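Below, chains carry the letters A, B, ... as their sequence lines are ordered, and counting in each starts from 1. What you see is a predicted model, and the numbers here were worked out from it, not measured in a lab.
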Protein chains: 2
Amino acid sequence: MTIQEPVTARPAGRPRSEKAEKAIIEATLDLIGDGMGVAELSIEAIASRAGVGKTTIYRRWSNKEELVADALATLKAPLPPLAGVSVRDDLISLLNAMREDKDRSRTRCVMNVMMSDADRYPALMERFRKVAIEPRKEAMREVLRRGIGTGELRADLDVEMGMAILSGTMIWYTKWASGDLPEDLPERIVDHVLPGLAA
Amino acid sequence: MTIQEPVTARPAGRPRSEKAEKAIIEATLDLIGDGMGVAELSIEAIASRAGVGKTTIYRRWSNKEELVADALATLKAPLPPLAGVSVRDDLISLLNAMREDKDRSRTRCVMNVMMSDADRYPALMERFRKVAIEPRKEAMREVLRRGIGTGELRADLDVEMGMAILSGTMIWYTKWASGDLPEDLPERIVDHVLPGLAA
DNA sequence: CCGATACGCAACAGTGCCGTTTCGGAATCC
DNA sequence: GGATTCCGAAACGGCACTGTTGCGTATCGG
């Protein structure tokens with residue numbers, strides 16, 4: 001009796017097209033990136049944009065929410081490498097990563113979704129938070145903690161508060177500043193905030 | 001020849017019901033407050049919720065955008081009275097006003113709309129910005145400017161930056177903190193930020 | 001009381017999306 | 001070659017909303 005290895009076990013018939021799968025996810029992210037809320041996303045629009053039959057979508061995902069969850073999950077967070085020399089430099093690097101993200105319409109509008117649809121799709125957002133948000137928050141926390149350790153920052157610093165101040169300020173500019181963000185904005189933010197957090 | 005005063009000149013027939021008008025605007029705000037985006041708002045839903053015929057709506061507003069614009073415009077910004085004693089106290093008052101707004105679902109979700117629909121309804125948002133956002137921003141600017149004058153704050157302080165830091169931090173907590181915001185949050189924010197802005 | 005207008009209600013055809021099914025063709029395994 | 005599964009395209013009935021229209025009623029000025 002030969003036992004078929006379950007990993008290699010291929011179901012007979014034509015295999016699913018990887019290309020179609022990627023096209024569907026790309027189309028989903030494109031539409032979200034164009035300013036669509038999750039509620040307004042239509043499967044038909046996704047299928048049309050992906051050049052794919054609706055059938056092909058329903059064969060893989062049972063509903064819109066699961067598709068969006070998978071799509072968002074593919075947005076990995078490529079954190080910038082941190083020099084680790086000074087707290088100031090590292091914080092500027094982190095904020096600069098946020099600034100550059102603004103130009104990528106996908107990332108920007110994913111933030112919109114996070115803000116406005118978070119209440120309606122809690123499971124979705126929880127998943128996205130784990131994949132994309134938490135790593136960035138943790139990176140900043142780590143920088144702040146290290147700063148406390150080296151004495152660059154106040155020993156009694158509230159790390160969460162420091163993160164809220166820096167990220168919140170950057171997001172404020174991202175959402176409400178007119179036009180592009182100046183290149184030296186992260187530097188200016190850090191230089192206005194850091195004195196309050198320093199030892 | 002008696003000239004009818006144009007102010008008193010009443011168009012013949014049954015006058016429009018103020019009650020209906022208020023009910024429509026209330027219903028609109030309620031729906032937005034329940035997490036609806038502008039795009040998903042349906043005239044039918046508004047009419048149904050207001051206990052009003054669709055006709056009555058279309059008789060007053062030619063489309064959804066104008067209705068929403070009028071509805072948002074009714075949200076006046078009741079700024080807190082500022083004691084004017086110290087910069088610290090005034091800033092805490094302003095942030096506390098934002099904190100209390102969070103509980104009012106309307107105000108909270110109006111913020112959602114501001115964030116996510118700003119790109120799609122620029123005229124709408126411009127109008128709302130003037131009515132609700134700018135007065136608050138101006139109030140905070142004024143407090144910071146006065147602080148510079150009294151020497152409480154650095155003479156070279158970037159007022160816009162100071163505003164971005166304080167408001168941005170508060171919004172960060174408003175959007176992403178779990179549960180209610182602690183009562184002393186404004187105080188803690190100001191105490192973490194102010195040392196960096198002080199002389 | 002009359003004319004005018006607004007009211008709430010119900011119905012209309014038009015549109016878009018839903019999730020499903022059917023179709024001819026293509027890819028892969030046995 | 002035959003079985004099987006996936007492909008894209010098209011069409012289905014159903015539902016929700018659109019903006020418009022006509023109905024009978026309510027409320028005003030003259």
(request) Would you please say whether a donor-acceptor pair under 3.5 Å links the side chains of A:Glu152 and A:Thr150? (result) yes
(request) Compare the minimum distances between each of D:dC6, D:dC17, C:dC18 and the side chain of A:Ile43, then state the nucleotide with the smallest one. (result) C:dC18
(request) Measure from CD1 on A:Ile57 to P on C:dT20 and round the result to the nearest Å. (result) 13 Å
(message) So that I can tick it off, tell me whether A:Arg60 and A:Asp70 are bridged by a salt bridge, with the cut-off set at under 4.0 angstrom between side-chain N and carboxylate O.
(response) no
(request) May I ask you to evaluate whether A:Thr56 reaches the phosphate of D:dG8, defined as a side-chain N or O under 4.0 Å from OP1 or OP2? (result) yes
(message) Distance check needed: C:dA4 C1' versus B:Arg59 CZ, whole Å only.
(response) 13 Å
(request) Starting at atom CD of B:Glu18, determine the distance to atom P of C:dA6, rounded to an integer number of angstrom. (result) 15 Å
Using residues 161-173 of chain B as the side-chain source, report each donor-acceptor pair under 3.5 Å to any protein atom, sequence neighbours left out, with the distance given to one decimal.
unit_1: B:Ser167; atom_1: OG; unit_2: B:Met163; atom_2: O; d: 3.0
unit_1: B:Thr169; atom_1: OG1; unit_2: B:Ile165; atom_2: O; d: 2.6

(request) State the CD-CD distance between A:Glu21 and A:Glu26, to the nearest 0.5 angstrom. (result) 12.0 Å
(request) Specify the separation, in whole Å, of atom CD1 of A:Ile24 and atom C1' of D:dG8. (result) 11 Å
(message) Rounded to whole Å, please give me the gap between CG in B:Asn63 and P in D:dG19.
(response) 8 Å
(request) Return the value, rounded to whole Å, for the distance between atom CG of A:Leu41 and atom P of C:dG16. (result) 17 Å
(request) Measure the spacing between CG of B:Asn96 and CG of B:Leu91 and express it to the nearest 0.5 Å. (result) 12.0 Å
(request) Could you pick out which residue, A:Arg60 or A:Glu44, lies toward the 5' side of DNA chain D when each is mapped onto its nearest nucleotide? (result) A:Arg60
(request) Check every atom of D:dT18, D:dA11, C:dT28 against the side chain of A:Lys54 and return the nucleotide holding the closest atom. (result) D:dA11
(message) If I take atom CE from residue A:Met125 and atom NZ from residue A:Lys130, how far apart are they, to the nearest 0.5 angstrom?
(response) 15.0 Å
Show the distances under 3.5 angstrom between N or O atoms of the protein and N or O atoms of nucleotides 21-26 of chain D.
unit_1: D:dA26; atom_1: N3; unit_2: B:Arg14; atom_2: NH1; d: 3.0

(request) Would you kindly give the CZ-to-P distance between A:Arg16 and D:dC6, to the nearest whole Å? (result) 5 Å
(request) Test A:Met98 against A:Thr174 for side-chain contact (heavy atoms from CB on, under 4.5 Å), laying out the working first. (result) CA-CA 9 Å; A:Met98 294 177 71; A:Thr174 303; 5.6 Å; no
(message) Could you tell me how far apart A:Met36 (CE) and C:dG16 (C1') are, to the nearest whole angstrom?
(response) 12 Å
